[in-house]
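Here's the structure we're looking at; comments come further down.
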Amino acid sequence: MKEPPPPMTKVVTRFAPSPTGFLHIGGARTALFNWLYARRFDGTFLLRIEDTDRERSTKPAVDAIIDGLTWLGLKWDGEAVSQFERAARHREVVDEMLASGNAYRCYATPQELQEMREKQRAEGKPMRYDGRWRDRDPSEAPPGVAPVIRLRARQDGETIVDDKVQGKVTFANKELDDLVLLRSDGGPTYMLAVVVDDHDMGVTHIIRGDDHLTNAARQMQIYQALGWDIPVMAHIPLIHGPDGAKLSKRHGALGVDAYRALGYLPAALRNYLVRLGWSQGDREFFSTEEMIAAFDLSSIGRSPSRFDFVKLENMNGHFMRAMPDGELMVALIDSLPYLNGGPEIAAKLDESMRVKLAAAMPGLKERAKTLVELLDGAGFLFAQRPLGLDERAREIIANGGREHLAALLPRLRAVADWTSAATEAVVRDYALEHGAKLGQIAQPLRAATTGRATSPGIFDVLAVLGREESLGRLADQATR
RNA sequence: GCGCCCAUCGUCUAGCGGUCCAGGACGUCGCCCUUUCACGGCGAAAACACGGGUUCGAUUCCCGUUGGGCGCGCCA
């Protein structure tokens, strides 16, 4: 249960995305786990951009990652490290390996290797580099071919990854071939760069997706060749799409910016994400502090999970209702630039509108599961007379609603003290006199004042809108 | 093809040999509350993939089958 880190060792975790696209939900969860673990043990959480592939790394992708992490509240310690900028150090390490005999030059061309793999596949053999230059004399090198540098990996015995999540996973060394350390252009490969950087950055715990499990074994061979200590590893299962297939851009693999635009709260998304793969008994909800205090590696499951928007939405609704009105206001206003129709509302949000919004907030947040729904529900506050009515509202007005409004209007005009209690008293009396249920009278009022069949309590709506505006909206529908 | 990983309600999961005719959450379906919609409350249906072992006893341990996933690049 308890999982104290080795004493005297400060925990250092890292999130190491490659900037070849947006920050997707799986990456966000990996970042969250690393962040939680570091916070839990009062350690350090580092960010390293794995941009050694110059062809595919882009600045917009780096920005998207930074923006996504920031929005999610996963603040890293220190400056983000660019892996590319450390290329000189990577080469230096490879020189050492060359000198010690742990690495060698391979002059096989890409085409040659391609043919080799095709042949292996055709013959039903494992697809691996066959070591053709492993023991060949460099004097045999073909002219004009720039070599890659490969690791001279052990071919006998086995490599055991002692993983905090997956347990001890054994790979026969003969299954692992001589991976490329340095490309023919002198640039480091991912395999080499992660090892060197994790080591240099003092990373103590590597928490990443289990698609890296095989890589872990290969990386261990590099650590061993270098005589370096191997960090604690934890390979967490992947998140799949709703249909169980791999999470791809086709299904639901949205960038975290999309979740912001969809109106989710960072705290809710974090809570949803942490429960995908990690659990603590029956517990569903965690505040950030509780999450940090409870998080551990041993409670991470090993089976993949599916992303379920419906549950995320429910969870988000819980967070919104639990949030104090003032904070929710701030969250909503801050999100306006990213929400559909948000900028327009932001433009109309003067001081008096803010007051109205704040007053309506309690009734509004009860029926919204996302900020988008919250904004939508608040729409009537910002609407201009005469209001456009939706389908259901029109029906309510048409089917007897108009008559009630006409009859009610003078009575409401007579209300001097415009409070929800006062208007409610008038409407209740009216309903009683006509032997009608309150709902029959309340609905036309709602339709006329909000243009909808759904809204916060109608008497609260009247109060928030104010005497003038309410009466005006009512009159618009009563007399048409 | 080869290697590795996984397998409890539709979904996320609890379970770490007997307390399980399997618990919680979302969703679904009823009922209640009610001024609509929500919220809330109560209740229901809903799962240990299959086959062998081990054991006095398996959801829990082992093996196999099936099904999924990941990896097998001079990508990360």
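Reminder, nothing fancy here: chain letters follow the sequence lines and each chain counts from 1. Keep in mind that this is a model prediction, so the values were computed, not measured.
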Does B/G40 have OP1 or OP2 under 4.0 Å away from a side-chain N or O of A/R321? yes
Name the closest nucleotide to the A/H240 side chain, picking from B/U36, B/G69, B/U11. B/G69
Give one of base, sugar-phosphate or nothing for A/T170, where a contact means two heavy atoms less than 4.0 Å apart. sugar-phosphate
Whole-Å distance between B/A14 P and A/W278 CH2? 11 Å
Within the 4.5 Å heavy-atom criterion, are A/L265 and A/M323 side-chain neighbours or not? yes
Respond yes when some side-chain nitrogen or oxygen of A/R428 is under 4.0 Å from OP1 or OP2 of B/U35, and no when none is. yes
Among A/R154, A/R150, A/R134, which residue satisfies the salt bridge (Lys or Arg N to Asp or Glu O under 4.0 Å) criterion with A/D178? A/R134
Rounded to the nearest Å, what distance is computed from the CZ atom of residue A/R452 to the P atom of nucleotide B/C37? 15 Å
Ignoring hydrogens and angles, answer whether the base of B/A25 and the side-chain atoms of A/K311 contain a donor-acceptor pair closer than 3.5 Å. yes
Any N or O donor-acceptor pair linking the side chain of A/N215 to the base of B/A76 at under 3.5 Å? yes
Within the 6.0 Å centroid threshold, strictly below: A/H199 and A/Y223: no
Closest to the side chain of A/L213, out of B/U35, B/C4, B/G71, is B/C4
What is the distance from CD1 of A/I441 to P of B/U34, rounded to the nearest Å? 18 Å
Who pairs with B/A44 - Watson-Crick or G-U, where each distance is under 3.5 Å: B/U28
If we call it a pair only when both distances are under 3.5 Å in a Watson-Crick or G-U wobble match, what pairs with B/C39? none
May I ask you to establish whether A/R105 and A/Y107 are in a cation-pi arrangement, using a distance under 6.0 Å from NZ or CZ to the six-membered ring centre and at most 45° from the ring axis? no
When we call it a touch if two heavy atoms are under 4.0 Å apart, what does A/R48 touch: a base, just sugar-phosphate, or nothing? nothing
Counting the atoms with a prime plus P, OP1 and OP2 as sugar-phosphate, which does A/G317 contact under 4.0 Å by heavy atoms, base, sugar-phosphate, or nothing? nothing
Please state whether the base of B/U36 and the side chain of A/R367 form at least one donor-acceptor pair under 3.5 Å? yes
Rounding to an integer number of Å, can you tell me how far A/I149 CD1 sits from B/C74 P? 14 Å
What distance, rounded to whole Å, do you find between the two C1' atoms, one in B/G64 and one in B/C26? 36 Å
Minimum-distance nucleotide to A/D308 side chain [options: B/U11, B/U13, B/U36]: B/U11
P spacing across the pair B/C37 / B/A44, given as an integer number of angstrom: 25 Å
Residue A/V169, side-chain atoms from C-beta onward, closest of B/A76, B/C70, B/C4: B/C4
Classify A/T454 by what it touches in the nucleic acid, base, sugar-phosphate, or nothing, heavy-atom distance under 4.0 Å. base
Which part of the nucleic acid does A/A436 contact within heavy-atom distance under 4.0 Å: base, sugar-phosphate only, or nothing? nothing
Any base atoms under 4.0 Å from A/R117, or only sugar-phosphate, or nothing? Heavy atoms, all strands. sugar-phosphate
Ignoring the backbone of A/P126, work out which of B/A76, B/C2, B/G23 is nearest its side chain. B/C2
Looking only at the aromatic ring of each residue, does the gap between the centers of A/W278 and A/F295 stay below 6.0 angstrom? yes
Assign A/E284 to base, sugar-phosphate, or nothing according to its heavy-atom contacts below 4.0 angstrom with the strands shown. base
Considering just the side-chain nitrogens and oxygens of A/R302, establish if one lies under 4.0 Å of OP1 or OP2 belonging to B/C6. yes
Between A/M127 and A/L438, who's closer to the 5' end of RNA chain B by nearest nucleotide? A/L438
Out of B/G40, B/A76, B/G24, minimum distance to the side chain of A/H212 belongs to B/A76
Quick check on ring pair (Phe, Tyr, Trp, His ring centres under 6.0 Å): which of A/F307, A/F286, A/Y259, A/F309 does A/Y272 satisfy it with? A/F307
What about A/D282, does its side chain sit under 3.5 Å from the base of B/G23 through a donor-acceptor pair? yes
For the side chain of A/R128, counting heavy atoms from C-beta on, which of B/C12, B/C74, B/C2 is nearest? B/C2
Any base atoms under 4.0 Å from A/R446, or only sugar-phosphate, or nothing? Heavy atoms, all strands. base
What contact category does A/Y272 fall into here, base, sugar-phosphate, or nothing, at under 4.0 angstrom with non-hydrogen atoms? nothing
For B/C72, the Watson-Crick or wobble partner whose two distances fall under 3.5 Å: B/G1
Assess whether one donor atom and one acceptor atom, taken from the side chain of A/S303 and the base of B/C6, lie less than 3.5 Å apart. no
Which part of the nucleic acid does A/S279 contact within heavy-atom distance under 4.0 Å: base, sugar-phosphate only, or nothing? sugar-phosphate
Which part of the nucleic acid, if any, lies within reach of A/L276 when heavy atoms closer than 4.0 Å are counted: base, sugar-phosphate only, or nothing? sugar-phosphate
Under 4.0 Å between any heavy atoms, over every strand shown, what does A/V310 touch: base, sugar-phosphate, or nothing? Just pick one. sugar-phosphate
B/G71, B/G40, B/C39: which one has an atom nearest the side-chain heavy atoms of A/E366? B/C39
Could you check whether any side-chain N or O of A/R467 sits under 3.5 Å from a backbone N or O of A/S470, counting only pairs where one atom can act as donor and the other as acceptor? no
Output all residues satisfying salt bridge (Lys or Arg N to Asp or Glu O under 4.0 Å) with A/R14, sequence neighbours left out; order by chain, then residue number. A/D198
Base, sugar-phosphate alone, or nothing: which one does A/M315 contact when heavy atoms must sit under 4.0 Å apart? nothing
Would you indicate which nucleotide in B/A76, B/C74, B/C12 comes nearest to any side-chain atom of A/P110? B/C74
Comparing A/N314 and A/P304 on RNA chain B - which has the more 5′ nearest nucleotide: A/P304
